[in-house]
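Written below as structure tokens is the structure these notes are about.
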Number of protein chains: 2
Amino acid sequence: MSSRTDKKQQTRQNLIDAALGLLNQQRSFGSLSLREVAREAGLAPNAFYRHFDDMEDLGLALVDVAGQGLRTVMREARQKLAHSQSVIDASVAALFDHIAREPQLFHMLLREQGSGSESWRRAIRTEIRYFTNELAEDLERLGQAKQRPIFDPYATADAMVAITFGGAGNALSMTADSRAELAARLVQQLRMIMLGSERMAEPKA
Amino acid sequence: MSSRTDKKQQTRQNLIDAALGLLNQQRSFGSLSLREVAREAGLAPNAFYRHFDDMEDLGLALVDVAGQGLRTVMREARQKLAHSQSVIDASVAALFDHIAREPQLFHMLLREQGSGSESWRRAIRTEIRYFTNELAEDLERLGQAKQRPIFDPYATADAMVAITFGGAGNALSMTADSRAELAARLVQQLRMIMLGSERMAEPKA
DNA sequence: CGCATTTGTGTACGCGTGTACACAAAAGTT
DNA sequence: AACTTTTGTGTACACGCGTACACAAATGCG
């Protein structure tokens with residue numbers, strides 16, 4: 001069975017890839033047209049409706065794909081952790097690798113948090129919160145292991161994520177060299193947050 | 001003289017206001033049409049060209065307006081500084097005031113950093129860098145005054161700006177209550193950065 | 001096989017778009 | 001007062017858009 005199901009999945013994927021292919025610094029998802037995406041995917045405009053209700057529906061699918069990719073990166077970063085010097089170095093390196101590999105997905109996730117429909121924005125925020133929560137747990141566990149607890153793990157993780165994603169968003173339109181500089185500065189900034197959070201957790205103060 | 005010049009400036013301003021009025025969470029600047037803006041401003045479509053070359057030109061004007069507003073807020077924050085407890089509290093409060101007062105301008109500046117033409121993005125980045133540089137100077141001066149120097153003032157200021165603007169971007173789609181919570185967390189996070197930066201500047205370490 | 005379902009095509013529609021052109025009314029200039 | 005310049009209008013065009021409808025080809029199922 002499922003020569004048909006397979007093919008359907010395939011052209012669905014083609015539509016997703018087509019949309020991603022059209023996204024770059026100049027173009028936001030909101031400016032893509034249904035016909036444009038269908039054309040890019042080699043389909044008649046009407047065939048689009050066999051796979052998605054409308055462009056918003058496609059957009060939600062894209063957020064989903066991007067979110068899965070992000071979570072994969074997190075896992076990779078944790079695996080590398082054992083062999084690397086610090087969580088921070090490993091995480092930043094993994095993230096920047098991912099960005100270099102699939103910039104369009106990040107473009108979506110980072111740069112269109114503020115546009116689009118309500119459900120669209122909520123989906124993106126959910127993905128990022130997911131990311132933040134897992135980092136918060138990591139930080140807390142790590143702090144206990146090191147006997148150096150941190151202050152308000154969620155706020156700390158949130159700050160780190162904000163810095164990292166903000167930086168990553170800027171990295172999208174940079175040369176490889178500038179990216180390396182940015183990554184180095186990011187590491188410093190994350191260290192500041194880490195140290196500051198530890199300091200704020202110290203008794204007395 | 002200049003009954004004409006005045007009137008021209010006036011309708012130009014009308015076009016700018018019309019564009020801002022059309023911007024909200026759902027609508028990005030890139031999705032506005034020339035006709036739409038002209039309509040909102042009570043003008044025939046063609047009259048648009050008497051004031052701007054095209055929509056991109058209008059966009060650059062908007063960035064300019066937003067940037068001026070931002071710098072004004074900075075100055076206000078510095079003036080309040082003397083009467084307030086900390087730079088951080090004062091700055092965050094001033095910024096959030098401004099956001100509540102003119103959300104559309106911030107929507108533009110914060111949420112469309114990553115879309116639009118090259119010149120558009122560069123203009124926005126320039127405005128933010130301006131902001132960051134002035135903060136860096138403040139931090140350095142303050143550190144010397146307190147005998148508590150900070151580490152790499154620019155990187156520190158950059159981290160603070162990233163956090164603040166990231167938070168401010170999220171605040172745009174929040175209720176007043178949530179905003180207050182967010183502002184409180186922001187203050188904590190900025191303190192972390194401050195403390196961490198001071199720690200990193202400590203000799204030996 | 002024969003019929004039903006699914007996936008995709010072609011045509012057609014009404015609409016909003018950017019913008020070109022010709023023109024009107026007002027303001028500035030001499 | 002006679003002119004030029006500036007600001008805005010009205011009409012018109014070709015285009016891309018979303019989507020409705022009728023139909024073709026392939027696949028799945030009895």
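The sequence lines fix the lettering, A, B, ..., with proteins before strands; numbering per chain opens at 1.
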### Task
Answer with yes or no whether B/R4 presents, from its side chain, a donor or acceptor under 3.5 Å of a partner atom in the base of D/dT7.
no

### Query
Between A/P45 and B/P45, which has a closest nucleotide on DNA chain C that is more 5'?
A/P45

### Donor + acceptor pair across side chains of A/S115, B/S28 (<3.5 Å)
no

### Message
At 4.0 Å (heavy atoms only), tell me whether A/K7 reaches a base, stays on the sugar-phosphate, or touches nothing.
### Response
nothing

### Query
What integer distance in Å separates B/F52:CZ from C/dT19:P?
15 Å

N/O-N/O pairs, protein side and nucleotides 15-18 of chain C side, under 3.5 Å:
{"unit_1": "C/dT17", "atom_1": "OP1", "unit_2": "B/S33", "atom_2": "OG", "d": "2.7"}
{"unit_1": "C/dT17", "atom_1": "OP2", "unit_2": "B/R39", "atom_2": "NH2", "d": "2.6"}
{"unit_1": "C/dG18", "atom_1": "OP1", "unit_2": "B/L34", "atom_2": "N", "d": "2.8"}
{"unit_1": "C/dG18", "atom_1": "OP2", "unit_2": "B/L34", "atom_2": "N", "d": "3.3"}
{"unit_1": "C/dG18", "atom_1": "OP2", "unit_2": "B/R35", "atom_2": "N", "d": "3.0"}
{"unit_1": "C/dG18", "atom_1": "N7", "unit_2": "B/R35", "atom_2": "NH1", "d": "2.4"}
{"unit_1": "C/dG18", "atom_1": "O6", "unit_2": "B/R35", "atom_2": "NH1", "d": "3.0"}

### Task
Compare every heavy atom of A/L34 with every heavy atom of A/M55, then report the nearest pair and how far apart it is.
SD-CA, 3.8 Å

### Task
Considering just the side-chain nitrogens and oxygens of B/T11, establish if one lies under 4.0 Å of OP1 or OP2 belonging to D/dG8.
yes

### Query
Taking only residues two or more places apart in sequence or in another chain, which ones pass salt bridge (charged side-chain N to carboxylate O under 4.0 Å, His left out) with B/R148?
B/E198

### Task
Starting from C1' on D/dG18, measure out to CG on A/L58 and report it in whole angstrom.
15 Å

### Message
Without decimals, in angstroms, what is the distance between A/N14 CG and C/dG8 C1'?
### Response
13 Å

### Query
Which residue pairs pass the ring pair (Phe, Tyr, Trp, His ring centres under 6.0 Å) test when at least one of the two sits in residues 19-53 of chain A, sequence neighbours left out?
A/F29-A/W120, A/F48-A/F52

### Of all pairs that satisfy side-chain hydrogen bond (donor to acceptor under 3.5 Å, both in side chains), the ones with a partner from residues 171-185 of chain A, not counting sequence neighbours
A/T175-A/S178, A/R185-B/D158

### Partner set under salt bridge (charged side-chain N to carboxylate O under 4.0 Å, His left out) for B/R12, not counting sequence neighbours
none

### Query
Who pairs with B/E36 by side chain to side chain donor-acceptor pair (under 3.5 Å), at least two apart in sequence or on another chain?
B/R27

### Query
How close or far is atom C1' of D/dA20 from atom CZ of A/F48, stated in whole angstroms?
16 Å

### Query
What is the distance from CG of A/D54 to P of D/dA20, rounded to the nearest Å?
11 Å

### Summary
Ranking A/R50 and A/N46 by the position along DNA chain D of their nearest nucleotide, the one closer to 5' is A/N46

### Query
Quick one: B/L43 CG to C/dA25 C1', roughly how many Å, whole number?
15 Å

### Query
How long is the line joining NZ of B/K8 and C1' of C/dG28, in whole Å?
14 Å

